[in-house]
Amino acid sequence: MVLKKIAVFIILVLSISISKAQELGEKEIEFKSLSEIWDLDKETKQGVFKLRSYKPVYVTAGRRSNNPNKLPYSENPDFSSTIPKEFNNYEAKFQLSFKTKLAESLFFGKGDLWVGYTQIAHWQIYNTELSRAFRELNYEPELMLNFPLDIKIAGLTLKMLGVSFNHQSNGRDLPRSRSWNRVIFNLALESKNLQIYLSPWIRLNDEVDENPLITNYIGNGRLKAIYKLKKHTFYAIATNSFSLKDNHGSLEFNYLYPINKDLQVQAQFFTGYGETLVDYNHYQSTFGIGVSFVNW
């Protein structure tokens, strides 16, 4: 029954996307520059307190995991589950994300201060045995300070240097509670159809460590690349622990194709550790198809 519902959804989305894409013809999807996204030039500044998109906003109604985490554990025994939950391989996933600028032209008239918020939900919507419960919710507020640059590097332009304070938690009680704090350094580069973000981070100490080895699994940094070719959008997000021994990390790959100007069909593949906080030391591969309302 679950497979039938997901198959119907996928067929419906693909049918609509093919029909609407024909109406769009060969028109390319808008590709905003880093200057437009982050107000890096005088011509692109939009002022403060204007609510804008940050990370992609999407809904994946049909997502399958090859290895759902039924018994989350932590290196801290107080945060290790002892009673497994029979989660389905199939669930829904959605992400909401927005940002706004709090202040601009700081530090010699160059720096902009932003606040961002991202929320990701994994919903066991097909699991009637668990009353269709949300398996995991991750909350991620972030304070960011960015500076514009214009440096040519090997065919790319280094457009932005930034630093942010990032908190991520799942809002759960013992033993499934997970949280951590990071200082993230950001470098953003671009060419005509390509944008690259390099983001190493430093984890901050916690008084009570709910996930002691989180950086061993999720990693110590992130590489994000977005490429657009006419109506096609590809983006990949990779994390890595940067260690020669017991190297861990993750890879997420996304493909998007327009249904209309404001909606795209999305295919997403993930493999590795840390798709959610409670899965930080759990390896799985997932695949899902859905729709994206806002892209990078």
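Small disclaimer: the values here were computed from a predicted structure and weren't measured. By convention here, the first residue in the shown sequence is residue 1.
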Can you give me every donor-acceptor pair (side chain of residues 107-115, partner residue at least two apart or in another chain, under 3.5 Å) with its distance?
| from | atom 1 | to | atom 2 | distance (Å) |
| --- | --- | --- | --- | --- |
| D112 | OD1 | S105 | N | 3.2 |
| D112 | OD2 | K45 | NZ | 3.1 |

Is it the case that the side chains of S285 and T271 hold a donor-acceptor pair, with the cut-off being a distance below 3.5 Å and no angle test? yes
Who clusters with L71? Use side-chain heavy atoms, under 4.5 angstrom, across I, L, V, M, F, W and Y, and order the result by chain and number. none
Can you see whether S33 engages S35 through a side-chain donor-acceptor pair at a distance of less than 3.5 angstrom? no
Rounded to the nearest 0.5 Å, how far apart are OH of Y54 and OG of S97? 6.5 Å
With N186 via side chain to side chain contact (heavy atoms under 4.5 Å, CB included) - residues at least two apart: S164, I184, S199
Donor on one side chain, acceptor on other, Q168 and W180, under 3.5 Å: yes
What one should report as the nearest heavy-atom pair of I125 and A92 is CG2-CB, 3.9 Å
Among side-chain atoms of N76 and N211, is any donor-acceptor pair under 3.5 angstrom? no
More than 12 heavy atoms of other residues, nucleotides or ligands under 6.0 Å from CH2 of W123: is that the case? no
Quick one: pull up NZ in K192 and CZ in F31 and give me the separation to the nearest 0.5 Å. 11.0 Å
Side-chain touch Y235/W296, heavy atoms, less than 4.5 angstrom: yes
List the residues meeting ring pair (Phe, Tyr, Trp, His ring centres under 6.0 Å) with F253, not counting sequence neighbours, and say none if there are none. none
Quick check on the hydrophobic clustering: are F134 and L277 connected, directly or via other members, by side-chain heavy-atom contacts under 4.5 Å? no
Quick check for you: to the nearest 0.5 Å, what is the distance between I289 atom CD1 and Q266 atom CD? 10.0 Å
Cation over ring, K224 on Y197, under 6.0 Å and within 45°? yes
Measure across F165 and L204 and return the closest heavy-atom pair with its distance rounded to 0.1 Å. CE1-CD1, 3.6 Å
Mind checking what makes ring pair (Phe, Tyr, Trp, His ring centres under 6.0 Å) contact with H248, not counting sequence neighbours? Y217, Y273
K99 and E142 ion-paired at < 4.0 Å: no
Side chains of N69 and Q284: donor-acceptor distance under 3.5 Å anywhere? no
Tell me, with the steps shown, if N181 and N166 meet side-chain hydrogen bond (donor to acceptor under 3.5 Å, both in side chains). CA-CA 6 Å; N181 297 306; N166 178 286; over 6 Å; no
Gap separating the CD1 atom of I214 from the CZ atom of R203, nearest 0.5 angstrom: 6.0 Å
Using modelled atom types and a 3.5 Å cut-off, is there a donor and acceptor pairing between side-chain atoms of T60 and backbone atoms of G62? no
Check this for me: I153, atom CD1, are more than 12 non-hydrogen atoms of other residues, nucleotides or ligands nearer than 6.0 Å? yes
Any donor-acceptor N/O pair, S292 side chain to V294 backbone, under 3.5 Å: yes
Which residues end up grouped with L174 if you chain together Ile, Leu, Val, Met, Phe, Trp and Tyr wherever their side-chain heavy atoms are less than 4.5 Å apart? F79, V208
Using a 3.5 Å distance criterion without hydrogens, assess whether the side chain of N89 forms a donor-acceptor pair with backbone atoms of R64. no
What residues form a ring pair (Phe, Tyr, Trp, His ring centres under 6.0 Å) with Y117, not counting sequence neighbours? F98
Side-chain heavy-atom pair T233, Y255 within 4.5 angstrom cut-off: no
Could you name each residue pair satisfying salt bridge (Lys or Arg N to Asp or Glu O under 4.0 Å) that touches residues 148-171, not counting sequence neighbours? none
Under a 3.5 Å distance rule, please check whether D279 uses its side chain to pair with a backbone N or O of E275 as donor and acceptor. no
Separation between CG (L158) and CD1 (I151), nearest 0.5 Å, reads 5.0 Å
Do Q268 and K93 come close enough that some side-chain heavy atom pair is under 4.5 Å? yes
Does N170 use its side chain to pair, donor to acceptor, with the backbone of R178 at less than 3.5 Å? yes
Side chain to side chain contact (heavy atoms under 4.5 Å, CB included) partners of K32, counting only residues at least two apart: E30, E36, I37
Give me each pair satisfying salt bridge (Lys or Arg N to Asp or Glu O under 4.0 Å) with a member in residues 47-58, each pair once, sequence neighbours excluded. D39-R52, K55-E140
Results of ring pair (Phe, Tyr, Trp, His ring centres under 6.0 Å) for F242 - residues two or more places apart only: none
Taking all heavy atoms of K231 and all of P258, pick out the closest pair and write down the distance. O-CD, 3.0 Å
Do L156 and L229 sit in the same hydrophobic cluster, where Ile, Leu, Val, Met, Phe, Trp and Tyr count as joined when their side-chain heavy atoms come under 4.5 Å apart? yes
Backbone N or O of E86 within a donor-acceptor pair of the N127 side chain at under 3.5 Å? yes
Does any part of the side chain of E252, heavy atoms only, come nearer than 4.5 Å to the side chain of F269, both counted from C-beta? no
Result of checking E129, Q124, E136 against F87 for side chain to side chain contact (heavy atoms under 4.5 Å, CB included): Q124
Any pair counted as ring-ring contact (aromatic ring centres under 6.0 Å, His included), so long as it reaches residues 137-162, sequence neighbours left out: none
Indicate the atoms forming the closest heavy-atom contact of L213 with Y280, along with that distance. C-CE1, 4.2 Å
Kindly indicate whether the side chain of L223, heavy atoms from C-beta on, has any atom under 4.5 Å from the side chain of I237. no
Nearest 0.5 angstrom please: S80 OG to E210 CD, how far? 11.5 Å
State, with a plain yes or no, whether a side-chain heavy atom of R63 is found less than 4.5 Å away from one of H122. yes
Decide whether I218 and F270 are clustered together by the hydrophobic rule: side chain heavy atoms of Ile, Leu, Val, Met, Phe, Trp, Tyr closer than 4.5 Å, transitively. no
Candidate pair Q119 and L137, rule side chain to side chain contact (heavy atoms under 4.5 Å, CB included), full reasoning: CA-CA 7 Å; Q119 181 173 316; L137 290 164; 4.2 Å; yes
Polar side-chain atom of N67 near backbone of Y283 as donor-acceptor pair, under 3.5 Å: yes
No-hydrogen, no-angle side-chain donor-acceptor test under 3.5 Å, S65 and T286: no
Taking the side chain from S177 and the backbone from R172, do they hold a donor-acceptor pair closer than 3.5 Å? yes
Measure across G155 and S191 and return the closest heavy-atom pair with its distance rounded to 0.1 Å. O-CB, 3.9 Å
Would you say E75 and N281 make side-chain contact, with heavy atoms under 4.5 Å? yes
Can you find a heavy atom in the side chain of F49 that is under 4.5 Å from one in the side chain of L102? yes
